[in-house]
Amino acid sequence: MRRYGQVKLGELRELVRKSIVALICASFTLLYAQNIGGVKSANGAGGARSVSGAENIDDEAIDEAYIDKELHTLIYGADCSCGAHVTPRSASPKSTINASNNSTIDSTKYTDTKSRTISFNGSVLYGGIFDNTSNANLYLSADRRISYTLTNGTLDNGTLEIKAICEKQSFKISNFSNGDFNIYLSKNPTKEVAIALNVNTSMKGYIEAFKEIAPFVAKHILGDREKQYAKISLVIFSNRGTENLGTFYDVQEFANTVNSVQVIKSTVVLTNAAIIRSIKNFTKDNGLKKEVYLIVAGSPDDTRNTQTMLNLTKSINASIVKNSPQNADNLVKIHAFALSPNLEFLKNIAKITGGTYNEANNSYDFKKQILTLSNGGKPFDMRKLDNQIRPSKTNKIYDPDNPQDKPNK
């Protein structure tokens, strides 16, 4: 009887897995049918394409194997079945040292270790989170593909061995002190945040506002790297598709990249694709809470898939914790910033995921809302922006300090 029950339970789990995959397949099929660029198909096609130049996708390309590959680290966790890892581009102002397999880098030979980074096996190294399951002094990167082991000494002065886990390559840093080469090892993981920013023309005033507050937002999320571990990803989206501009651990690198963002002449809002692209930056069971900041000025144009996307979001949050139900850190919260009134889709998706819905009437409100959220819900002193609250025609700001105050006559 017990064996019979186990068999039935196994069949039920397999049925649930197939149902989830089928739902995700349906979502991706609709997204591809509407020609969303920036995400490779199973046959290698990809890149940004215009909606007017729609390109048919073979339905056979969207199968279980493809979905398992695309969302593998989110649903199942990191392993070596997903191929080589490629670090998204970022605007790094630091000088990079290229490390080779079996080499040793001596920290004492560099007087400027804080202004340098190390690239190894195609990835820039930013450190990792302490692995509580190991008896060794082992730390793992947020994507769980790089390990850092203190083989002797302490974090103040020791030998650090770095391994590319899947590629089975390694090198060492001698006389390592935590923070050298911007490699920080932490026992205090906090969160990973993906910011999805719509770059349509109507967003111009808000994008300029976001550029102004980007250093503050990054500082709030990333905190002091000597005391905590966090990361930010930046995704932009328009009718040209979605693009991942990078994953950031450094405030200035994030601010520099945000400052390079430009609006695109477009009225199309591919919100569903932006959500999918954003959550693909997360890895299961890495100890980091997961949040998406979705910033958009209009209703999604991919309305045929809106309900499917709401169902998909529910299913993703259910599936990513099915093997570790006790770990709530794996749940994805979506915080919506609606820059137009009454965007029901954003209200629903924020509610479903336990996130917040923020509706801004102008740039001042938008800045205050996102600064408060990124600051852990604590009010932000807007005077820190040096009172540079510049109005624009789009955002209708009348008072440079507070739009609710009457202008001086």
Query raised in the report: Can you tell if the side chain of Val261 reaches within under 4.5 Å of the side chain of Phe210, non-hydrogen atoms only?
Result: no
Report task. Check the pair Leu160 / Leu185 against side chain to side chain contact (heavy atoms under 4.5 Å, CB included), numbers first and verdict last. Result -> CA-CA 11 Å; Leu160 188 67; Leu185 305 177; 3.7 Å; yes
Query raised in the report: Does Asn281 reach the side chain of Val235, with side-chain heavy atoms less than 4.5 Å apart?
Result: yes
Query raised in the report: After noting the C-alpha distance and the side-chain angles of Ser233 and Val193, does the key distance pass the side chain to side chain contact (heavy atoms under 4.5 Å, CB included) rule?
Result: CA-CA 6 Å; Ser233 299; Val193 174; over 6 Å; no
**Report entry** Contact summary for Asn286 and Ala142, nearest pair of heavy atoms
**Finding:** ND2-O, 3.0 Å
**Report entry** Asp250 side-chain N/O to Glu253 backbone N/O, donor-acceptor pair under 3.5 Å
**Finding:** yes
Query raised in the report: Between the side chains of Gln228 and Asp224, is a donor N or O closer than 3.5 angstrom to an acceptor N or O?
Result: no
**Report entry** Thr247 side chain near Tyr126 side chain, heavy-atom distance below 4.5 Å
**Finding:** no
Requested in this report: Would you confirm whether Tyr293, through its side chain, and Phe337, through its main-chain N or O, come within 3.5 Å as a donor-acceptor pair?
Outcome: no
Report task. Give a yes or no answer on whether the side chain of Asp131 reaches the backbone of Tyr139 with a donor-acceptor pair at less than 3.5 Å. Result -> no
Query raised in the report: Quick one: does Asn362's side chain have a donor or acceptor within less than 3.5 Å of a partner on Asp365's backbone?
Result: yes
Report task. Using only heavy-atom distances, determine whether the side chains of Ser186 and Asn188 contain a donor-acceptor pair under 3.5 Å. Result -> no
Query raised in the report: Between the side chain of Asn200 and the main-chain N/O of Ser202, is any donor-acceptor distance below 3.5 Å?
Result: no
Query raised in the report: Sub-3.5 Å donor-acceptor pair from the side chain of Lys333 to the main-chain atoms of Leu331, do we have one?
Result: no
Requested in this report: Count the heavy atoms belonging to other residues, nucleotides or ligands that lie under 6.0 Å from NZ of Lys347, then report whether that count exceeds 12.
Outcome: yes
Query raised in the report: Could Glu192 and Lys231 be called an ion pair, given the rule that one side-chain N must be under 4.0 Å from one carboxylate O?
Result: yes
Report summary line: Nearest heavy-atom contact between Ala218 and Ile232 is CA-CD1, 3.7 Å
Query raised in the report: Does atom NZ of Lys114 have more than 12 heavy-atom neighbours from other groups under 6.0 Å away?
Result: yes
Requested in this report: Evaluate the side-chain proximity of Tyr229 to Tyr184: yes if any heavy-atom separation is below 4.5 Å, no if none is.
Outcome: no
Report task. To the nearest 0.5 angstrom, please state how far the OG1 atom of Thr190 sits from the CD atom of Glu291. Result -> 9.5 Å
Query raised in the report: Distance-only, no hydrogens or angles: does the Asn175 side chain make a donor-acceptor pair with backbone N or O of Asp106 under 3.5 Å?
Result: no
Query raised in the report: If you measure only the distance, is there a donor-acceptor pair under 3.5 Å linking the side chains of Thr117 and Thr96?
Result: yes
Query - Spacing of OG1 belonging to Thr151 relative to NZ belonging to Lys172, to within rounding of 0.5 Å - result: 5.5 Å
Report task. Have a look at Phe216 and tell me which of Ile221, Ile370, Leu385, Asn375 forms a side-chain contact (heavy atoms from CB on, under 4.5 Å) with it. Result -> Leu385
Requested in this report: Test Leu373 against every option in His335, Lys368, Lys378 by the side-chain contact (heavy atoms from CB on, under 4.5 Å) rule and name the one that passes.
Outcome: His335
Report summary line: Rounding to 0.5 Å, atoms CD (Gln262) and CD1 (Ile207) come to a distance of 8.5 Å
Query raised in the report: Can Glu167 and Arg145 be counted as an ion pair, charged N to O under 4.0 angstrom?
Result: yes
Query raised in the report: Backbone N or O of Phe237 within a donor-acceptor pair of the Asn198 side chain at under 3.5 Å?
Result: yes
Query - Side-chain donor/acceptor of Thr149 to backbone N/O of Asn137, under 3.5 Å - result: no
**Report entry** Tyr110 side chain reached by Asp180 side chain, heavy atoms, under 4.5 Å
**Finding:** no
**Report entry** Test item: Arg144 side-chain N/O and Ile165 main-chain N/O as donor-acceptor pair under 3.5 Å
**Finding:** no
Query raised in the report: Ile195 versus Phe254: any side-chain heavy-atom pair under 4.5 Å?
Result: yes
Query raised in the report: Would Asp143 and Thr283 satisfy side chain to side chain donor-acceptor pair (under 3.5 Å), going step by step from the backbone distance to the final call?
Result: CA-CA 6 Å; Asp143 61 9; Thr283 301; over 6 Å; no
